[in-house]
2 protein chains.
Amino acid sequence: MSNSSKPATASPEQLELTSLLAECGLKVTRPRLSVLKIFKNSTHPLSAQEVAAALPTVPALPAINGVTIYRILDSFKTSGLIREVNLRHGHLDYELIDHADHHHHIVCTKCGLTEDLYSCGVSGLIKAAIKNSRNFATVNEHSVELFGLCRKCIKL
Amino acid sequence: MSNSSKPATASPEQLELTSLLAECGLKVTRPRLSVLKIFKNSTHPLSAQEVAAALPTVPALPAINGVTIYRILDSFKTSGLIREVNLRHGHLDYELIDHADHHHHIVCTKCGLTEDLYSCGVSGLIKAAIKNSRNFATVNEHSVELFGLCRKCIKL
DNA sequence: TGCTAAATGCAAGTTAGTTGCAACAAGTAG
DNA sequence: CTACTTGTTGCAACTAACTTGCATTTAGCA
C-alpha cells in the first residue's frame with residue numbers, strides 16, 4: 001500500500017507548506033495544507049467563500065466542511081500566517097502575511113478589482129496619533145484602503 | 001387637536017434637522033428625524049443596532065421598525081448625509097459627513113474605544129497609486145484606520 | 001382636499017459566521 | 001510499531017446582520 005494515506009513522493013511545494021505550518025505550531029492536516037496552498041497561489045485577498053470554492057474536490061477524499069474553513073482562517077490569523085482585510089465587500093477577506101511585503105489596497109467600487117499598493121505613508125500619522133491622543137497607548141496595525149474606479153468601469 | 005400629529009412649537013434643533021433632510025431631497029418623516037438627531041448628538045460612529053437602541057420610546061407613538069433603520073441608513077448614505085466606516089466590529093458603522101471635517105479613526109482592538117484622527121497624509125499615496133497603476137482611473141474615497149490598544153487595555 | 005410616489009411595518013428569507021458535541025487523526029511517548 | 005492525548009474536523013443547529021416582497025400609510029404637492 002504505497003499510496004493509501006501518504007503520497008509516494010512529496011513535492012517541494014508540499015514540503016514548504018508543511019514546514020510553514022509546523023513553524024507556526026499548527027498541526028499539519030490535509031484541510032490546512034489545501035487552504036494554505038490556495039493562499040500561496042492567490043494574487044489577491046480571499047474570502048472564506050472563495051477559499052471554499054477554490055478547494056480541490058478529489059472524488060476519493062471527503063470534502064472539507066465550511067466550518068473548518070472558518071476555523072482554519074482563525075488559526076492562521078492567530079498564528080500570524082494571514083491577516084484580515086476589509087475591502088467593503090460585506091465580508092472579510094484574508095491574505096498571507098509576507099513580512100517583507102507591507103502593502104495596502106486599491107479597490108474598484110463597481111467591479112471589485114483589487115490591486116496592491118506598495119507605498120504607505122502613514123507612519124507620520126501613527127506617531128502623531130499616539131502623541132496627540134490622551135487615550136491611546138500603541139498602534140499595532142493599520143489599514144489604508146483606496147476606493148475608486150478602474151479604467152474599465154469608469155467608461156460604463 | 002393641537003398636539004395630535006404635529007407639535008405646537010418646533011424647536012430650532014427640529015427645524016435644522018428638517019431642513020437638512022429637505023436639502024438632501026429626502027421626505028421629512030418622524031423616523032428620519034429621530035435617526036438624524038441621534039447622529040447629531042453622537043460623538044462616535046454608530047451601528048444600526050446602536051441607532052435602534054438610541055431611538056426614543058414614546059409610549060404614545062409606535063416604535064420604529066428595525067428594517068426601517070436599515071433603509072434610513074441607506075437613504076442617508078445615498079444622499080451623502082452619512083458615510084460607512086469599517087472598524088472591524090463585525091458590522092458596519094455610520095457617521096455624519098461633516099464636509100469641513102475630514103478624519104479617520106483609531107480603534108482599540110480590545111475594548112472598541114474609538115477616536116477621530118484629524119490628520120491624514122494619504123494624498124501622496126493616492127497620487128502615486130493613480131500614476132503607477134495601469135488599471136485604476138480615479139480614487140473617490142479612502143479609509144485609514146489605526147488599530148492598537150488604549151491606555152486602559154494595555155494594562156490588563 | 002385629494003392624488004401619487006415614497007416611506008414604513010411586518011413577516012419571511014438570506015448570508016456570514018459561531019457553538020456544542022461527537023468522531024477522528026497528528027504528533028509524541030512508550 | 002502501537003497506544004495515548006490533545007488538537008482538529010464534521011455535522012447540525014444556532015445567531016447576528018442585513019435584505020426582500022408586499023400591503024399599508026403618509027409627505028409633499030397639484
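Residue numbering restarts at 1 for every chain, and letters A, B, ... go by the order of the sequence lines. All values derive from a computational prediction rather than experimental measurement.
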| field | Side chain of L92(A) - closest among dG17(C), dT8(D), dG10(D) | value | dG17(C)
| task | State which of dA17(D), dT8(C), dT18(C) makes the closest approach to the side chain of P31(B). | result | dT8(C)
What donor-acceptor contacts under 3.5 angstrom involve side-chain atoms of residues 66-76 of chain A, with partners at least two apart or in another chain?
unit_1: Y70(A); atom_1: OH; unit_2: Q49(A); atom_2: NE2; d: 2.9
unit_1: S75(A); atom_1: OG; unit_2: R71(A); atom_2: O; d: 3.4
unit_1: S75(A); atom_1: OG; unit_2: I72(A); atom_2: O; d: 2.9

| Would you call K40(B)-E13(B) a salt bridge at under 4.0 Å N-O? | no
| Pair H104(B)-H142(B), ring pair (Phe, Tyr, Trp, His ring centres under 6.0 Å): steps then yes or no | CA-CA 9 Å; H104(B) 299 290; H142(B) 62 273; 4.9 Å; yes
| message | Taking only side-chain N and O atoms of T29(B), does any of them lie within less than 4.0 angstrom of OP1 or OP2 on dT8(C)? | response | yes
| task | Would you mind reading off the distance between L87(A) atom CG and dA16(C) atom P, rounded to a whole angstrom? | result | 15 Å
| field | Length of the line joining Y70(B):OH and dG21(D):C1', which is rounded to integer Å | value | 18 Å
| message | Distance criterion of 3.5 Å, no angle test: do you see the side chain of R71(A) paired donor-to-acceptor with the base of dG17(C)? | response | no
| Considering only side-chain heavy atoms of V67(A), which listed nucleotide, dT8(D), dT19(C), dA16(C), is closest? | dT19(C)
| remark: When V28(A) and S75(B) are each assigned the nearest nucleotide of DNA chain C, the 5'-most assignment goes to S75(B)
| request: Compare the minimum distances between each of dA16(C), dC10(C), dG7(D) and the side chain of K27(A), then state the nucleotide with the smallest one. | output: dG7(D)
| task | Please work out if A63(A) contacts a base, only the sugar-phosphate, or nothing of the nucleic acid, heavy-atom cut-off 4.0 Å. | result | sugar-phosphate
| request: Let me know, please, whether G25(A) or D74(B) comes out on the 5' side of the other along DNA chain D by nearest nucleotide. | output: G25(A)
| said: Under 4.0 Å from OP1 or OP2 of dC10(C): is there any side-chain N or O of N65(B) that close? | reply: yes
| note | Q49(B) atom CD is separated from dC18(D) atom P, nearest whole Å, by 6 Å
